[in-house]
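First up is the structure itself, then whatever we jot down about it.
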Amino acid sequence: MNKEVFMKNRKKFAETMTDNSVAILFAGNDINKSEDENYRFWINNNFFYMTGIDEHGIILAVTKKNNQVKEYLFINDYSEQYQLWNGRQMTDVIAKEISGIEEVKYLSGYERFIANLFTAPLYDTLYLDLSKTFEMSAIDPAFKLMNKVRERYPYIQFKNCYQQICSQRYIKCDEEIEEIKKAISITKGGLERIMSNLKPGVNEYEMDAEFDYAIHKQGSTEKAFETIAAMGKNACTMHYGFNDTVIEDNKLVLFDLGAKHHHYCSDISRTFPANGKFTEQQKQIYNIVLEANKRGIAQAKPGMTNRQVDNEIIVPYFAQELKKMGLIKEDSEVRKYYPHSVSHPMGLDCHDVGRDPETGACPFVVGSIHTIEPGLYIPEYEIGVRIEDDILITEDGCINLSKDIIKEVDDIEKFMAEHKAN
Ligand code: GLY
Ligand code: MN
Ligand code: MN
C-alpha cells in the first residue's frame, strides 16, 4: 500500500487530538517463546495502520502545538551484530518511503526526546493506545510509558486513543479493500487446491499443508489465523485446531481458513464431502446452512447490525429447520446446534476492531467489511457445516467479496470430480 494511505490515517487521527498534546504509539516488542527463541514478531495493528511499518521496537510520536502537527519515527539503531544474526533492519530512507514521515530518528535518542517534550510546559496531554488488558499491562510499552510519565511529569494528563484508531480502522478505504480482495482470491486458490486433494485416507493436516502451500505459491506470506480442518464430528468443536485425524469416507470436512495479503485478512469457511459426493442427509443440512448464509448476506445493509441479522434472520430460520428435523422442540434450544454468532468485522485483524463501545454490536456501515458465517453442528450425525463469506457494506446493501468461491452442492461436486489431483 502506498504511503499516502498511512499519511491520511495519521492526518485524520491528528485532527482528533487536542492542542498542546502528544501521541505515542508502539510497534511492540519480540516476545520470548523459550530459551533463546522468540515467537514470530506480530506488529501492533494500530501502529501498522498509522505507519505501514512492520518491525519490532519502532515508535511513532505525533505532536500538536498551536495546531501545528509534527510526526517523528524512532527506528532501531543500526547494529552490525543484529544484522549478522537476524538480518535486515529498517533504514531511515525506507522508513520514510513506507510511512511518509520526514523526521526519522534513532531509538537511542528517544529518551531524550521524551524528556524534552514533557520537561518544559509545552504539552499537557499524552495520548496512548491503552488497548491491552490489565494482565498484559506489565509488558505493554504504552502502560510502561504511562507509569513513567505519571511519576516524572505529574502535570501531564493521559487519554486513551485506542477507540479513535479503532473507529477509523472500521471503515476501509479503497486500498484496504483491494488488499482484502487479494487475500480472498488467494484463499480461493487454497480452497481449490484442498478440493483437488481431498479424499478419504488423507489426514486433516495434509489438507492444512495443501492450503499453506497454495497461499505461499500465490504470494501470501502468512495466514490470518490457524487453519481449522475438521472432519465429521471434529467440526462440532468450534475452535478445533488439532487437525490430526485421518479423513474417513462419507464424512464432511469443514475448513475455516484465510490468507493474509500485506497484513490484511480473509476469513472463509467451506464444507466439502470427503469423497466428492454429499449424502442425502449431509446435503439437507448443508443446504439449510447455505440458505442461512444467503439470507444473512441479503439482509446485511446500512442500518442493520450483526446482532440483528443473527437474532432476526438466522436464529428464527435455524429454529424452524431444527424443529422440522425433530432436533429441538423450542426456539430457545437453537443455540445447542448453533452456538456462535453470524458475523464479525474483518480487516487487519481477522476479528477486527470497531465494536460499538456502548452496546458491543457491530453496525453495518458503508465501507465496513464483515463476515457472514452461519453454521450448524450436529454431533448426533457427526456433521458440522459452516459457510462463511466476507462482505463489504455499500449504500444499498453489500457486495459479497468471496462470491467466486463456490458453495453450491452441485458446483462443489462438479469441481471435485473434474479436478482430482491423483
Ligand atoms: N475463523 C474464525 C472465525 O470464523 O471467526
Ligand atoms: Mn469468521
Ligand atoms: Mn472463519
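Just follow the structure's listing: the first ligand is 1, and inside any ligand the first atom is 1. Values in this document were obtained by computation on a predicted structure and should not be read as measured data.
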Please tabulate, one pair per line, all N/O donor-acceptor pairs under 3.5 Å involving side-chain atoms of residues 93-107, not counting sequence neighbours.
from: Ser99; atom 1: OG; to: Ala95; atom 2: O; distance (Å): 2.6
from: Ser99; atom 1: OG; to: Ile101; atom 2: N; distance (Å): 3.1

Legend entry - Stepwise side chain to side chain donor-acceptor pair (under 3.5 Å) check, His344 with Glu373: CA-CA 9 Å; His344 58 81; Glu373 52 176 304; 2.9 Å; yes

Less than 3.5 Å apart, which donor and acceptor atoms pair up between the side chains of residues 322-329 and the rest of the protein, not counting sequence neighbours?
from: Lys323; atom 1: NZ; to: Asp331; atom 2: OD1; distance (Å): 2.6
from: Lys324; atom 1: NZ; to: Glu321; atom 2: OE2; distance (Å): 3.1

Legend entry - ligand 1: protein residues within heavy-atom distance under 4.0 Å: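 Only Phe225, Asp256, Asp267, His344, His351, Glu373, Glu388 have heavy atoms that fall under 4.0 Å of ligand 1, ordered by chain and number.
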
Inset, instruction - Describe, in one word, how the ring planes of Phe255 and Phe272 are oriented to each other, choosing from parallel (under 30°), tilted (30 to 60°) and perpendicular (over 60°). - result: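 Rings of Phe255 and Phe272: tilted, 30 to 60°.
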
State whether a side-chain donor-acceptor pair under 3.5 Å links [X] with [Y].
X: Asp244; Y: Asn203; value: no
X: His263; Y: Asp54; value: yes
X: Gln168; Y: Gln164; value: yes

Inset, instruction - Give a yes or no answer on whether the side chain of Ser220 reaches the backbone of Glu222 with a donor-acceptor pair at less than 3.5 Å. - result: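 Between the backbone of Glu222 and the side chain of Ser220 there is a qualifying donor-acceptor contact (under 3.5 Å).
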
Inset, instruction - Pick out which of Asp310, Ile314, Ile387, Val309 makes a side-chain contact (heavy atoms from CB on, under 4.5 Å) with Pro374. - result: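 The passing option is Ile314.
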
Legend entry - Total protein N, O or S atoms, the Mn ion (ligand 2), separation less than 2.8 Å: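 Count of protein N, O, S atoms less than 2.8 Å from the Mn ion (ligand 2): 4.
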
